[in-house]
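Residue numbers start from 1 in every chain, and the chains themselves are labelled A, B, ... in the order their sequence lines are given, proteins ahead of strands.
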Number of protein chains: 2
Amino acid sequence: MTIELIKKSRTWTGTVSYYRHQSEMTSTPMQFSIFIPDGGSSRKKTLLWLSGLTCTEENFITKSGALGKACELDMIIVCPDTSPRGTALKGEHDSYDFGSGAGFYVDATQSPWNANYLMHSYLRDEFVPMIGHHFPINTDAMGISGHSMGGLGALMFGISYPETFKSLSAFAPIVSPIHCPWGHKAFTNYLGENNSNWEQYDPCYLLKERGYNGEILIDQGDSDEFLQEQLKPELLEKIGKEKNIELKIRYQQGYDHSYFFISSFIGEHLEFHHTKLI
Amino acid sequence: MTIELIKKSRTWTGTVSYYRHQSEMTSTPMQFSIFIPDGGSSRKKTLLWLSGLTCTEENFITKSGALGKACELDMIIVCPDTSPRGTALKGEHDSYDFGSGAGFYVDATQSPWNANYLMHSYLRDEFVPMIGHHFPINTDAMGISGHSMGGLGALMFGISYPETFKSLSAFAPIVSPIHCPWGHKAFTNYLGENNSNWEQYDPCYLLKERGYNGEILIDQGDSDEFLQEQLKPELLEKIGKEKNIELKIRYQQGYDHSYFFISSFIGEHLEFHHTKLI
């Protein structure tokens with residue numbers, strides 16, 4: 001559980017740091033960024049942010065404009081990378097929606113991906129305990145959010161592990177990888193052809209099977225270029241209604257899939273998590 | 001004066017757009033980004049932002065976290081690129097501190113740079129009139145700010161053309177290219193060996209010769225890795241005192257040269273410009 005500081009910068013009234021550690025799960029070095037507001041010796045409310053396709057640990061922390069609000073609320077924000085790095089598997093770096101930068105937060109079962117692409121277990125069993133060990137984070141009561149593929153991850157983790165994640169939100173999430181081209185491509189390669197092995201990672205399936213005791217906040221731009229083909233929030237909305245889940249999907253008029261959208265509403269999401277986390 | 005929209009995104013209560021136009025001055029296509037808050041038909045208060053080494057029109061608009069505050073103040077922010085692009089002059093792309101991404105806001109006199117690297121005239125005679133033509137900007141009363149090499153640009157333009165720029169601030173500016181390695185390298189290549197041709201682009205020289213009627217706000221991180229060798233704000237501070245200029249240099253404890261520093265204080269700079277612009 002050794003971590004190595006790569007760089008740090010003072011910002012607002014806190015510090016952004018980038019770290020590297022050798023992951024036992026992925027057998028690769030993994031990086032993450034973390035923002036910690038100044039002061040206090042007790043554990044702070046914390047948001048785990050999962051990024052989308054092509055992203056690293058850097059995108060959210062540099063582009064979200066969230067850190068001023070995080071200071072105001074005295075919240076930590078921690079951002080893992082989206083896939084293992086530094087391997088050169090055949091086809092790993094060929095497309096933006098599969099392989100490096102596109103781990104989809106699943107545990108691959110298919111060769112050669114099953115040697116390194118174990119992002120689900122990495123986050124749950126290695127990353128979360130590690131940040132609890134090194135930083136003033138109560139890892140039994142974190143908030144989780146993310147964007148697009150990371151919104152998929154947030155819903156997947158939030159619905160599956162409510163004992164760890166006490167608040168849940170997402171921006172423009174992929175709500176059902178079983179029902180979209182991004183999901184089909186990645187899940188076929190990582191998990192094989194058998195769709196029944198995909199269900200444990202499909203938010204729509206998970207919500208239907210497990211339900212959710214609490215409020216889920218989702219922001220979705222109605223001018224998002226991926227809305228109809230890939231994201232399909234109406235599939236989740238339908239299950240939410242059937243199961244009487246407190247699911248609030250806000251269609252934001254004119255916003256697209258970019259960080260210009262995320263930065264516009266991240267402050268409200270931080271306030272949402274701050275209110276839900278005790 | 002034709003401009004071509006490349007892309008646009010809704011953000012906060014406004015729109016970020018990227019444009020391209022063919023510059024007569026640089027003989028290249030040039031890009032810029034602009035944020036315009038919703039509403040109103042009258043001209044809005046506007047900040048011209050000049051970026052630093054390696055940057056394009058994108059860095060500030062995606063990383064500054066300034067757009068929420070710009071909405072609150074109903075201000076336009078416009079960000080030109082830092083050099084011509086698309087040429088392949090010998091040595092142009094070899095280093096981060098000269099050539100592409102490093103135009104230094106001067107008019108080159110030395111071959112081969114003097115064919116395209118005319119960023120000073122480009123901004124003054126082509127860019128500013130163009131944005132006044134296409135957008136609700138009062139180009140006789142803009143604010144100007146920038147970072148590092150762009151802080152040099154902001155001071156240079158703000159002091160030289162007070163009839164155009166009515167408010168002036170900077171983050172971690174190069175205050176005297178005559179007295180630092182970055183300046184020596186770029187100015188020797190762009191302007192030749194004769195230092196007397198450099199003075200018109202040196203904020204310390206300009207402030208000493210012309211003075212400044214108004215307040216200048218500068219934020220400078222005291223943990224900035226370029227502070228002692230390249231930036232040297234004390235040179236400007238000395239002239240400010242001698243000439244009785246209203247120059248406020250705030251040394252911000254623990255902050256470095258990054259956008260994490262800029263984003264922490266850009267809101268105060270926008271408020272400064274908003275107050276000064278009538």
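- Counting heavy-atom neighbours within 6.0 Å of B:His93 NE2, excluding the residue itself, gives a total above 12.
- Between the B:Tyr259 side chain and the A:Lys63 main chain, no donor and acceptor come within less than 3.5 Å of each other.
- Top candidate by heavy-atom pairs under 4.5 Å with chain A, chosen from B:Gly267, B:Gly254, B:Gly65, is B:Gly254.
- Of the two parts of B:Leu67, only the side chain, counted from C-beta on, holds a non-hydrogen atom closer than 4.5 Å to a non-hydrogen atom of chain A.
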TODO: Could you walk me through whether A:Thr15 and B:Phe260 pass side chain to side chain contact (heavy atoms under 4.5 Å, CB included), step by step?
DONE: CA-CA 9 Å; A:Thr15 305; B:Phe260 290 119; over 6 Å; no

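- Formation of a donor-acceptor pair under 3.5 Å by the B:Tyr255 side chain with backbone atoms of A:Trp12 is found in this model.
- Note that NZ of B:Lys8 is 13.5 Å distant from OG of A:Ser258, once rounded to the nearest 0.5 Å.
- Proximity to chain A is limited to the backbone of B:Gln253, based on heavy atoms less than 4.5 angstrom apart.
- For A:His134, the NE2 atom sits in a packed shell: over 12 heavy atoms of surrounding residues, nucleotides or ligands are nearer than 6.0 Å.
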